[in-house]
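In what follows, every chain begins at residue 1, and chains take the letters A, B, ... in the order their sequences are listed. None of these values were measured; they are calculated from a predicted model. Excluded from the calculations below are hydrogen atoms, water molecules and symmetry mates; all remaining heavy atoms, backbone and side chain alike, are included.
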Protein chains: 2
Amino acid sequence: MNNNIRVLLVDDHPVVRAGLRAMLADFEGVQVVAEAADGGAALAELSKLHTLGEPVDVVLMDLQMGPGMDGVTATGKIKAGEAGTPPPPVRILTTYDNDADILAAVEAGASGYMLKDAPPEQIRQAVVSAAAGQTALAPEVAARLMGRIRNPVHALSAREVQLVELLATGMSNRAMAKQLFISEATVKTHLVHIYGKLGVDNRTAAIAVATQRRIIRNQ
Amino acid sequence: MNNNIRVLLVDDHPVVRAGLRAMLADFEGVQVVAEAADGGAALAELSKLHTLGEPVDVVLMDLQMGPGMDGVTATGKIKAGEAGTPPPPVRILTTYDNDADILAAVEAGASGYMLKDAPPEQIRQAVVSAAAGQTALAPEVAARLMGRIRNPVHALSAREVQLVELLATGMSNRAMAKQLFISEATVKTHLVHIYGKLGVDNRTAAIAVATQRRIIRNQ
DNA sequence: GGCCCAATCAGCCAAACGGTTGATCCGCGG
DNA sequence: CCGCGGATCAACCGTTTGGCTGATTGGGCC
């Protein structure tokens, strides 16, 4: 009989996979049955294990994965049943916590979001609770999201986000005005509002903060 | 007798430490004798092992390490002998490759720069060659530095890279001048040179280009 | 229907920034 | 030894940005 939680690791770093494998090996009732270096390989592994009659109970997935399919896309496909399996719970396990990634992952169907600097016990909990069908966020992540919800004052409007995006490409006020078919005065007004909401007092600091919070995506 | 290479791991992620430990355990002649979660702990470990008569042959060091002392600072202190030991070779093992980090690490005395997505064999090589007193860069890193050397016209100097880094944090000319203990005039001169080399005409565009070319890190 | 807010625009003034010219000092390499 | 390039600083000037006050329009909401 089998009381084990069967885990699929998805991460492009061999070092991280080895670390998780070693960590989870120390825990009773958890078993790493397969690994994948990107989203495409993860889907293939899920499918293969399904046809072998050895289904996966939990997927531990990184988000940033070099050249291959990223974690959000892969999570979405898994949840859409594209692996040909009943979708197992997907736990995101990544390095950085930023609003955009978290929201995207949750929207794609992830059941939780953990950080790689978590202590082993937290990671074990993540796997166990995922297998039990529960959702869970790392404490740091949960705290930040709560702050977000409580503080809608600092949320940029869609137009303001648009401005920040252009800002980050290095455009002048005049250039942004032309691009958006508005006057420079309006651009300046938007910028002042943006500075206020982001708690900065110049455009480069606004870019820094917006990048850090992943309000905008770069590259 | 002891033919082993004695390694100290320095990384704030338990997962990564476990991964490296597991990987290196598979290799003959390599032995992880201690671990540290930040630069301060690394110095303490070096010192402790030295007094025990069990010196460290190679340090594998991460750069970004959360709240504690960062890897560049720690490398500098180790190389300055602040651990009370003959300085062992320090190999940087980090996630991102960008000129700013590489230059800072090499300047601090690191003997090599590896990326965490490297395959196990490359990581083993890094440890072995470091123990042999050689310097080594990851292929990706080496390729980019070669590009710099072949194209020195558009290559930023170390000082200029430093400026761009501060620039990207949103600092004003005055703030950068204070931070670097130079005059605003000098800051402006550097910026003009940077604009010329990057082919832009303002600071935000400089940040955009520098980020895209991985002259600075984008987080 | 009245209210709030995002989006739009104007004008003004001070501060910061960008462009230029020119200068000194220092280390490295032919 | 002499030149070259990097790093440092100064003065000047025009342009851009930031900070402020105020105004209009249109959409959503109670």
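In this structure a side-chain-to-backbone donor-acceptor pair under 3.5 Å is missing from A/R91 to A/M61. B/S47 contributes no side-chain N or O that, together with a main-chain N or O of B/L43, makes up a donor-acceptor pair within less than 3.5 Å. Checking side-chain atoms of B/E160 against main-chain N and O of B/S157 turns up a donor-acceptor pair under 3.5 Å.
Within residues 179-187 of chain A, no residue places a heavy atom under 4.0 Å from DNA chain D.
As rounded to whole Å, 14 Å separates atom P of D/dG18 from atom NE2 of A/H193. Between the CG atom of B/L163 and the P atom of D/dT8 there is a distance of 8 Å, given to the nearest Å.
Rounded to 10 degrees, the angle separating the terminal axes of the helix from C/dG1-D/dC30 to C/dG30-D/dC1 is 50°, with each axis obtained from five end pairs.
Checked against side-chain hydrogen bond (donor to acceptor under 3.5 Å, both in side chains), B/T75 has no partners two or more places apart in sequence or in another chain. Partners of A/S183 by side-chain hydrogen bond (donor to acceptor under 3.5 Å, both in side chains), not counting sequence neighbours, listed by chain and number: A/T186.
For the residue pair B/Q64 and B/D12, no side-chain donor N or O sits within less than 3.5 Å of a side-chain acceptor on the partner.
The pair B/R17-B/D62 does not count as a salt bridge, with every side-chain nitrogen at least 4.0 angstrom from each carboxylate oxygen.
A 4.0 Å heavy-atom criterion places the boundary nucleotides of DNA chain C facing chain B at C/dA16 to C/dT20, written 5' to 3'.
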Expected rows: protein N/O vs nucleotides 19-24 of chain D N/O, under 3.5 Å:
{"residue": "D/dG19", "atom": "O6", "partner": "A/K188", "partner atom": "NZ", "Å": "3.0"}

